[in-house]
Amino acid sequence: MNGNDTNQPPSSVGMGIAARAAAARAPAQSATPNYLEGLNPEQREAVLTTEGPLLVLAGAGTGKTRVLTTRITHILSEKLAWPSQILAVTFTNKAAREMKNRIALMVGETVEGMPWLGTFHSICVKILRRHAELVGLKSGFTILDTDDQVRLLKQLIQAEGVDDKRWPARQLANLIDGWKNKALGPNEIAEGEARAFANGKGRELYRQYQERLKVLNACDFGDLLVECIRLFRENPDVLADYHARFRYILVDEYQDTNVAQYLWLRLLSQPSEARAAAHGKPIGQQLRAEIAAGLHEEPKGNSQSGEPDSASAPPTNICCVGDDDQSIYGWRGAEVDNILRFDKDFKDATVIRLERNYRSTSHILSAASHLITHNEGRLGKTLFTDIDDPDEEKVRVAAGWDSEEEARAIGEEIEALQRKGHALNDIAILMRASFQMREFEDRFVTLGLNYRVVGGPRFYERMEIRDAMAYFRVVTQPADDLAFERIVNTPKRGLGDTTIKKIRDHARSRNIPMLAAVHEMVETEELGAKQRTTLKLLALNFARWADLIDNTSHTDLAEMILDESGYTEMWQNDRSAEAPGRLDNLKELIRSMEEFEGLRGFLEHVSLVMDTDNNPDLDAVNLMTLHSAKGLEFDTVFLPGWEEGLFPHQRSLDEGGRSGLEEERRLAYVGITRARKNCHIWFVSNRRIHGQWQASIPSRFIDELPHANVEVVEATGNYGGYGVGGVGGNPYGSSRFHTSDPFTRSGYSSPGWKRAQANATDETGSAWGNRSGHKTTYNGGPRTIEGELVAKSVIGAEESSFGMGERVFHMKFGYGAIIGIDGNKLTINFEKAGEKRVLDSFVERH
DNA sequence: CACACATATCTTTTT
DNA sequence: GATATGTGTG
């Protein structure tokens, strides 16, 4: 980078901090710029407080993005900085794109796109490309995705003589990912953690992995951050350059940042960090020390007060926007703590709360707010709204028999809405796990209802796309062994394991890429004659394509590669049903390359921007997971699957304990707050998991909703006529929710509801409880996490009227005998389905 | 070396 | 139930 050459902000040349700050305040006093119109006082303050650290706690639907974009607009139009002097980081590409668009709209087309607005990852790549050699890479390095990562690790694990069955590469990849999220190198990971894999080989494998990456001239996702941090720490001059450049830093979704991202931000935002970096402390060590010391001020002993730059250094103009209640990526290394600690990290930080919600009805807000108060350790916000619509609907909770009914009923409701003129685009079904999606897809296909899956399987993860990309990768980066191995024998060239192993060994022993090894080996007698010829041809092809890269249009070249390699032909000859689709995808791939400058630019785009926009023009119901729904909003939201074990997910409980539960609760909060007008929560009594029916009980989160804002409704009615064995009618209707005292009257007081609640307080005992070695300790009392009492809302569980040994019939499981009774929960030995625990209201005497 | 079949494993969330 | 492996045969 060229320092701050042309980057002096127009009006602040020679200005001190105070003068710039004054300039920032000025517009508020004089004529109000039109971009400030319509902002509430808190939003306005968040926009105008440009100097110094600022934390904006923005609850769901409080205009967070608007504040961010207006703030940038303000900085630009007041000429506090050039676009190139603003660093704005987001978590997702979508968020970055949206911000760009909105700024462009506000500022007008005069301002060229902001070069430093992007995701953490893409900005890190941009920085790393410029200084690659300083961290031992070449500028054309490739970015490996999880798939490549796992394949590489598998090789290493096997080479170490470790049983890759017992110690799957996938698991190690997750571990390494976790370490990198914490910015820990192989030498910095805790001894205990290092032992956690393959009897202590974890650390060594991690080390080898990093070495291999360097040889391959590659980075994985975590490396982008970690290497960037290393770059800054080891090269204070480089950091100083960026430091001078970025006058304003903005961070979106701050609650989702992990330790590495946090460190990265601190390096870029705090002048003292630059000096600390000069002392070359290992990355993780310092943080740990700081956490242990409980301080996040300037590192002691490093900053000499006499240094001149402490006076002239730019202020920490960092603005982080986030919502601790929407932190749902803890499992991926996000540290809620980052946001909880902000005012300690950044001295004299201003904290602004945005609590006025512009999105949802008061019922929805109250329901969500009440639910989230069950969490501890919040910064505390209460959403409110001025909107007071007497017609607004309460949050609806509906019960269903099984997941088929759930999908059917929701489908019918959507059709009804559609008939009333409701746009499908404004409807979303948000679920906890993606396997829930299938049932809805099936249903919608038969109904002929348009739907779109948001964030589902990605275009770039399809096999044919990855194959094609592997070809392109080898052409642009001959050292990319992973890509090479992927396609040496695709299409089939008669090169089997033995040949590939020979090549790999040769390459490894000479410490050269495999493609180079091939070049050498075709001149020797090492390989069979047939293999030698094919490889010779292949190597020649790659050399030829590589030669063309600079003077052929990249789309032509890409097509040429796929044709001449025989890859296209392979699918043309394929008679399977998917083949035509795959060929289409390949065409689409080439087509999507057009907007890029060259093959290299395209490859980078693909590795970083893995999301594909499915067309928003089509009116369709949105299906997605709760995670990918964050940041979106819809008029009507369906939240199916609120059952213990699924939501909260058993695994979150097992692995995360109380904090795991709280994260699940935040997910629920995110889900509810996506809704503008209608929010429909569902739970069912039977769900199919792994093709097996499992009994389930309502989620504790349903208990945690405030009665006043919730309406409990029947399923759409037709219980009869379906189910196992085509049982006609509904033998359970009366015992379940058709009680004499329907919930609708007095809240949650019907017998069925009470039973459901009572059940919600112990293990489901079936579906998710007892798999994969973890013990489901049923103790007859409320469900606990690590000995803590979690669910307290047991409301008068009624004793079951069934007796031991009684023969009963269950709609899904058939006939069986009662072998255990616990309140209203029965353990039944079914003749066909085996032992299950079910609610008594679902069985009939026989 | 390729193909077909069998087996095992697994399913939370993803930049 | 589906996919990704591994095994055995041609």
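Lettering follows sequence order; numbering is per chain, from 1. Nothing here was measured: the structure is a model prediction, and the numbers come from that model.
Along DNA chain B, the nucleotide nearest to A/D177 and the one nearest to A/L495 differ in position, and the one closer to the 5' end is contacted by A/L495. If A/K492 and A/L667 are placed on DNA chain B by their nearest nucleotide, the residue sitting closer to the 5' end is A/K492.
Between B/dT14 and A/T92, no contact under 4.0 Å exists linking OP1 or OP2 to a side-chain N or O. The side chain of A/N181 places no N or O atom within less than 4.0 Å of a non-bridging phosphate oxygen (OP1 or OP2) of B/dT15. Between A/S628 and B/dT14, a side-chain N or O to OP1/OP2 separation shorter than 4.0 Å is present.
Counting non-hydrogen atoms under 4.0 angstrom, A/R170 reaches nothing in the nucleic acid. When heavy atoms are screened at a 4.0 angstrom cut-off, A/S652 is found touching base atoms of the nucleic acid. Contacts of A/L626 with the nucleic acid, taken as non-hydrogen atoms under 4.0 Å apart, are absent. Here A/Q531 lies in heavy-atom contact (under 4.0 Å) with sugar-phosphate atoms only.
With contacts defined as side-chain heavy-atom distances shorter than 4.5 Å, the pair A/L661/A/R700 qualifies. Proximity of A/W401 to A/N686: side-chain heavy atoms (C-beta onward) are separated by under 4.5 Å at one or more points. Residues A/L527 and A/T499 meet the side-chain proximity criterion, which asks for heavy atoms closer than 4.5 Å.
Computed from coordinates, the A/D497 CG to B/dA2 P distance equals 9 Å when rounded to whole Å. Between the P atom of C/dA4 and the CG atom of A/D147 lies a distance of 10 Å, rounded to the nearest Å. Taking atom CZ of residue A/R493 and atom P of nucleotide B/dC3, one finds them 14 Å apart after rounding to whole Å. Between A/K180 atom NZ and B/dT15 atom C1' there is a gap of 15 Å when expressed in whole angstrom units. Rounded to an integer number of Å, the gap from CZ of A/R466 to P of C/dA4 is 12 Å. Atom C1' of nucleotide C/dG1 and atom CZ of A/R438 are separated by 7 Å, given to the nearest angstrom. For the pair A/M437 CE and B/dT11 C1', the interatomic distance rounds to 13 Å; values are reported in whole Å. Between the NZ atom of A/K630 and the P atom of B/dT15 there is a distance of 12 Å, rounded to whole Å.
Stacking annotation: A/F221 is stacked on the base of B/dT15 (ring centroids less than 5.5 angstrom apart, interplanar angle below 30 degrees).
You'll find the ring centres of A/Y206 and A/W179 inside the 6.0 Å limit. Taking the ring centroids of A/F440 and A/Y451, they lie at or beyond the 6.0 Å cut-off.
Considering only the side chain of A/N489, B/dA2 comes nearest among C/dA2, B/dA2, B/dT14. Considering only the side chain of A/K154, C/dG6 comes nearest among B/dT15, B/dT11, C/dG6. With B/dT15, B/dT14, B/dT11 as the choices, the nucleotide that has an atom nearest any side-chain atom of A/T625 turns out to be B/dT14.
Both tests hold for A/R332 against A/Y329: distance to the six-membered ring centre under 6.0 Å, angle to the ring axis within 45°.
Side-chain N/O atoms of A/H627 and base N/O atoms of B/dT14 include no donor-acceptor pair closer than 3.5 Å.
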